[in-house]
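Quick notes on the structure that follows.
Remember, predicted model here, so these are calculated numbers, not experimental data. We count ligands from 1, going down the list as the structure has it; atoms in each ligand are counted the same way.
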Amino acid sequence: MAFTYDDANIFAKILRGEIPNDTVLETAHSLAFRDIQPQAPCHVLVIPKGKYVSFDHFAQEASEMEIVDYIRAVGKVCELEGVSEDGFRLISNAGRDGVQEVPHLHVHIIAGRPLGRMLAKG
Ligand code: AMP
């Protein structure tokens, strides 16, 4: 499928410096910042700087440099946040059924309390 990126999404505005963010890590191709409505003591979003809508879009069209940078950034945030020992959850919502609110690829790193089962009902 063809992916269409919307430059007006809120993470694009963050990347353009139009709205502030609580940065955890910035690399050449990625940015990690705290979620504005944290669901747990640690809730960090990691986004690529490139214009990718979702994980599958990124996997299909990003360069190897962007992909390596992004995956390493996720690992670095886990290290910086100290979540590796007690554990964490990585979530990347995509599209309508995935209930993706912001159409710019992001993974949620959620940690700091027991997180329960993987999916809630409904
Ligand atoms: P989703 O697209 O459903 O995976 O989730 C989008 C996430 O972005 C939600 O957890 C929001 O709380 C978060 N969010 C929305 N706007 C901001 C913002 N300006 N800064 C940080 N997080 C945000």
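Atom CZ of F55 has 12 or fewer heavy atoms from other residues, nucleotides or ligands within 6.0 Å. Counting non-hydrogen atoms of neighbouring residues, nucleotides and ligands closer than 6.0 angstrom, the CZ atom of R72 reaches no more than 12 such neighbours.
Ring-plane geometry between H43 and H108 is classed as tilted, the angle between the planes lying from 30 to 60 degrees on a 0 to 90 degree scale.
Scanning all protein heavy atoms for the shortest distance to atom 1 (P) of ligand 1 gives H106 NE2, 3.2 Å. The nearest heavy-atom contact from the protein to atom 8 (O) of ligand 1 is F11 CZ, 3.4 Å. If you check which protein heavy atom lies closest to atom 14 (N) of ligand 1, you get I36 CG2, 3.8 Å. What sits closest to atom 2 (O) of ligand 1 on the protein, heavy atoms only, is E101 N, 2.7 Å. Considering only non-hydrogen protein atoms, atom 13 (C) of ligand 1 sits nearest to D35 OD2, 3.3 Å.
Taking distance alone, with nitrogen or oxygen atoms compared against 3.5 Å, V99 approaches ligand 1 more closely than that limit. Residue Q100 has no nitrogen or oxygen atom sitting less than 3.5 Å from a nitrogen or oxygen atom of ligand 1, judged on distance alone. Considering backbone and side-chain atoms alike, V102 places an N or O below 3.5 Å from some N or O of ligand 1. Looking at H43 next to ligand 1, no N or O pair under 3.5 Å apart turns up.
In summary, of the residues considered (H106, E61, Q60), a side chain to side chain contact (heavy atoms under 4.5 Å, CB included) with Y52 occurs for E61 alone.
By the 4.5 Å heavy-atom criterion applied to side chains, T23 and L31 are counted as neighbours. Between D7 and K51 there is a side-chain heavy-atom pair separated by less than 4.5 Å. Taking the side chain as every heavy atom from C-beta outward, M1 and D56 never approach each other to under 4.5 Å.
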For I109 and L90: C-alpha separation, side-chain torsions, deciding distance, then whether side-chain contact (heavy atoms from CB on, under 4.5 Å) applies. CA-CA 5 Å; I109 299 173; L90 269 190; 3.5 Å; yes

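In terms of modelled atom types and a separation under 3.5 Å, the side chain of Y70 and the main chain of V46 share a donor-acceptor contact. Side chain of Q39 to backbone of Q37: a donor-acceptor contact under 3.5 angstrom is found.
Close contacts between ligand 1 and F33 involve ligand atoms 21 (C) [criterion: under 4.0 Å to a heavy atom]. Every atom of ligand 1 is numbered from 1 in the order shown, and the set under 4.0 Å from a heavy atom of R34 is 21 (C). Within the listing of ligand 1, atoms 1 (P), 4 (O), 5 (O), 7 (C), 10 (O) sit less than 4.0 angstrom from a heavy atom of H108. The N93 neighbourhood of ligand 1 comprises atoms 1 (P), 3 (O), 4 (O), with distances under 4.0 Å to a heavy atom of that residue.
Ligand 1 has L45 within reach: a non-hydrogen atom of the residue lies less than 4.0 Å from it. Ligand 1 lies nowhere less than 4.0 angstrom from a heavy atom belonging to K13.
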